[in-house]
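Every chain is numbered from 1 and lettered A, B, ... according to where its sequence line falls, protein lines coming before strand lines. As a basis for the values below, the full set of heavy atoms in this structure was taken, side chains included, without hydrogen atoms, waters or symmetry mates.
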Amino acid sequence: MKLFDPHVHMTSRTTDDYQAMAAAGIAAIVEPAFWLGQPRTHVGTFEDYFLSLLGWERFRASQFGIRHYTTLAINPREANDPALVDGVLAMLPAYLEKDGVVAVGEIGYDDMTTAEDDCFAKQLELARQHGLPALIHLPHRDKKRGCERTLALVKDTKFPPELTLVDHNTEETLPLTLDSGCWAGHSIYPHTKMDEPRMVALVQRYGAERIIVNSAADWGVSDPLKVPKTRDAMRAAGITEDALHTIFWTNPCAFFAQSGRLVEVDVPIAVDQRQLHEGNSVLRGQTPRVDGQG
Amino acid sequence: MAVLRVLAALSEPSRFVELAVDACRTNVRDVFDAIALDNDFYARHVPDAAYFQMVVKALFVEAPLARIVGLADRTTPELVRMVRAFASERRAAGRTVPDDVMLVHGVTE
């Protein structure tokens with residue numbers, strides 16, 4: 001079974017992770033732009049970050065047989081820094097036109113400040129102007145209120161719910177998200193946001209329609225194999241293969257395909273580690289893996 | 001971190017509200033503790049919305065609420081709602097609720 005991890009921050013992960021993910025069946029990933037663990041101090045660092053998501057990281061994934069797509073935005077935390085917001089918002093339109101950009105994201109709320117309101121609404125408008133879906137991060141603190149405020153903003157701005165993926169849902173936010181017509185993402189984390197048994201229970205209760213599961217693995221304690229592990233837990237609980245295929249492949253494909261840029265997601269990559277990206281290889285003198293030869 | 005601890009003692013401390021709120025967004029625990037715990041800057045100068053976010057973040061990272069200055073005086077029905085919502089989310093997830101939620105007056109009534 002092919003698997004899709006529709007939210008994983010590979011820039012923070014190792015080549016061992018790529019190898020393990022590919023071996024576990026992960027064939028496609030979406031890497032949203034987010035904050036990097038400490039605040040950035042220049043607009044230009046966002047530009048280099050976007051370029052690496054579109055260039056080097058996409059290449060790196062391909063070297064391990066994984067299709068890499070990205071979503072670009074200024075994230076909710078850094079939306080509170082007035083020295084960054086205007087510059088990043090001015091730069092974004094050019095980058096939203098690039099191949100491989102399948103949504104605007106992660107946008108949404110962190111502290112639920114008025115600065116976040118403004119940045120969120122402006123980026124939803126950018127998504128509309130560029131014909132892209134939106135990937136929305138729910139806040140960790142006061143999450144249910146944050147979800148209500150998020151869904152109200154989506155409704156008030158008349159952004160189409162079918163183009164909206166609300167991520168990091170919990171037991172208390174999932175019914176709100178599903179009722180709104182938006183897609184519902186779940187980040188499976190060791191011990192916190194959501195875990196495998198809780199995700200099994202949610203699917204048993206709400207079914208597979210518009211349900212999406214991701215690892216949200218990043219630079220913190222997280223696990224880039226949470227998508228296959230959650231699939232295994234669902235299978236062990238008797239959830240049908242049809243439903244598994246829907247949740248772990250069809251749904252993320254259907255959502256991000258609305259961008260028109262989820263190209264060749266169904267086509268396996270023939271790995272050729274002799275390839276270079278701007279003269280650089282992922283290898284350190286090892287023998288290149290070349291699929292289809294010897 | 002040292003400067004965060006003495007913000008309230010500097011002249012015109014209200015200049016530093018944005019700095020303090022920004023410091024609270026950190027994921028570096030020592031920085032968070034420096035501004036949130038045993039420090040009267042938040043109690044004296046930071047508006048409710050940001051003060052409440054700090055309290056809920058303290059619950060998230062399991063920083064002791066007993067060391068937050070001014071908690072009883074700054075507690076309003078909105079903070080009580082937020083802390084109850086935090087406890088409800090934890091229970092819905094089958095996770096434990098930290099005992100410190102009871103330090104917010106009104107949460108258990």
Side-chain angles (χ1 to χ4, degrees), chain A residues 34-41 75-84 109-117 138-149 168-176 186-202 205 218-221, chain B residues 1 4 16-32 35-36 42 46-63 65 68 75-98 100-101 104 107:
Chain A
F34 79 143
W35 90 301
L36 295 179
Q38 69 178 43
R40 277 166 281 207
T41 55
N75 59 85
R77 250 179 214 259
E78 289 174 310
N80 290 297
D81 186 342
L84 296 177
Y109 290 116
D110 179 46
D111 273 348
M112 289 192 259
T113 61
T114 53
E116 292 168 29
D117 270 325
L138 287 180
H140 305 305
R141 297 175 302 284
D142 214 6
K143 187 186 281 278
K144 191 175 175 192
R145 178 60 59 90
C147 185
E148 290 164 351
R149 199 157 147 178
H168 315 317
N169 278 284
T170 60
E171 288 81 357
E172 293 190 329
T173 61
L174 179 56
L176 307 176
H186 304 79
S187 299
I188 314 299
Y189 254 45
H191 315 303
T192 58
K193 290 178 186 167
M194 176 57 62
D195 62 21
E196 292 94 319
R198 289 165 57 200
M199 195 63 232
V200 168
L202 288 176
R205 179 161 177 192
D218 58 13
W219 35 256
V221 177
Chain B
M1 280 183 284
L4 292 174
F16 302 118
V17 169
E18 280 185 24
L19 175 76
V21 172
D22 214 36
C24 233
R25 288 196 181 97
T26 184
N27 66 342
V28 180
R29 180 60 189 271
D30 290 345
V31 173
F32 178 77
I35 189 66
Y42 253 72
V46 175
D48 277 355
Y51 187 93
F52 299 163
Q53 286 283 338
M54 180 271 287
V55 173
V56 177
K57 182 162 179 167
L59 285 168
F60 258 86
V61 302
E62 298 181 1
L65 263 55
I68 294 177
T75 297
T76 69
E78 173 64 3
L79 179 61
V80 171
R81 180 199 66 73
M82 288 171 73
V83 174
R84 282 181 176 158
F86 166 82
S88 168
E89 181 185 324
R90 284 290 171 101
R91 281 192 290 270
R95 298 175 63 196
T96 54
V97 179
D100 270 15
V101 297
V104 179
V107 163

[X] versus chain B, heavy atoms under 4.5 Å apart: side chain, backbone, both or neither?
| X | result |
| --- | --- |
| A:Asp81 | neither |
| A:Arg77 | both |
| A:Arg141 | both |
| A:Thr173 | neither |

Side chain, backbone, both or neither: which part of [X] has a heavy atom under 4.5 Å from chain A?
| X | result |
| --- | --- |
| B:Ala92 | both |
| B:Arg95 | side chain |
| B:Arg81 | side chain |
| B:Phe60 | side chain |

*asked:* Can a side-chain donor-acceptor contact be found between B:Glu89 and A:Thr170 if the only test is distance below 3.5 angstrom?
replied: no
*By side-chain contact (heavy atoms from CB on, under 4.5 Å), which residues pair with B:Asn27, not counting sequence neighbours?*
A:Trp35, A:Trp219
_Contact winner vs chain B - A:Lys144, A:Met194, A:Gln38, A:His140, heavy-atom pairs under 4.5 Å_ = A:His140
*With a 4.5 Å cut-off on heavy-atom pairs, point out which of A:Asp195, A:Asp110, A:Asp142 contacts chain B the most.*
A:Asp142
*Could I get the full list of ring-ring contact (aromatic ring centres under 6.0 Å, His included) partners for B:Tyr42, not counting sequence neighbours?*
none
_More than 12 heavy atoms of other groups within 6.0 Å of B:Glu18 CD_ = no
*When rounded to the nearest 0.5 angstrom, what distance separates CZ in A:Arg145 from CD in B:Glu78?*
5.5 Å
*asked:* Nearest 0.5 angstrom please: B:Ser88 OG to A:Lys143 NZ, how far?
replied: 13.5 Å
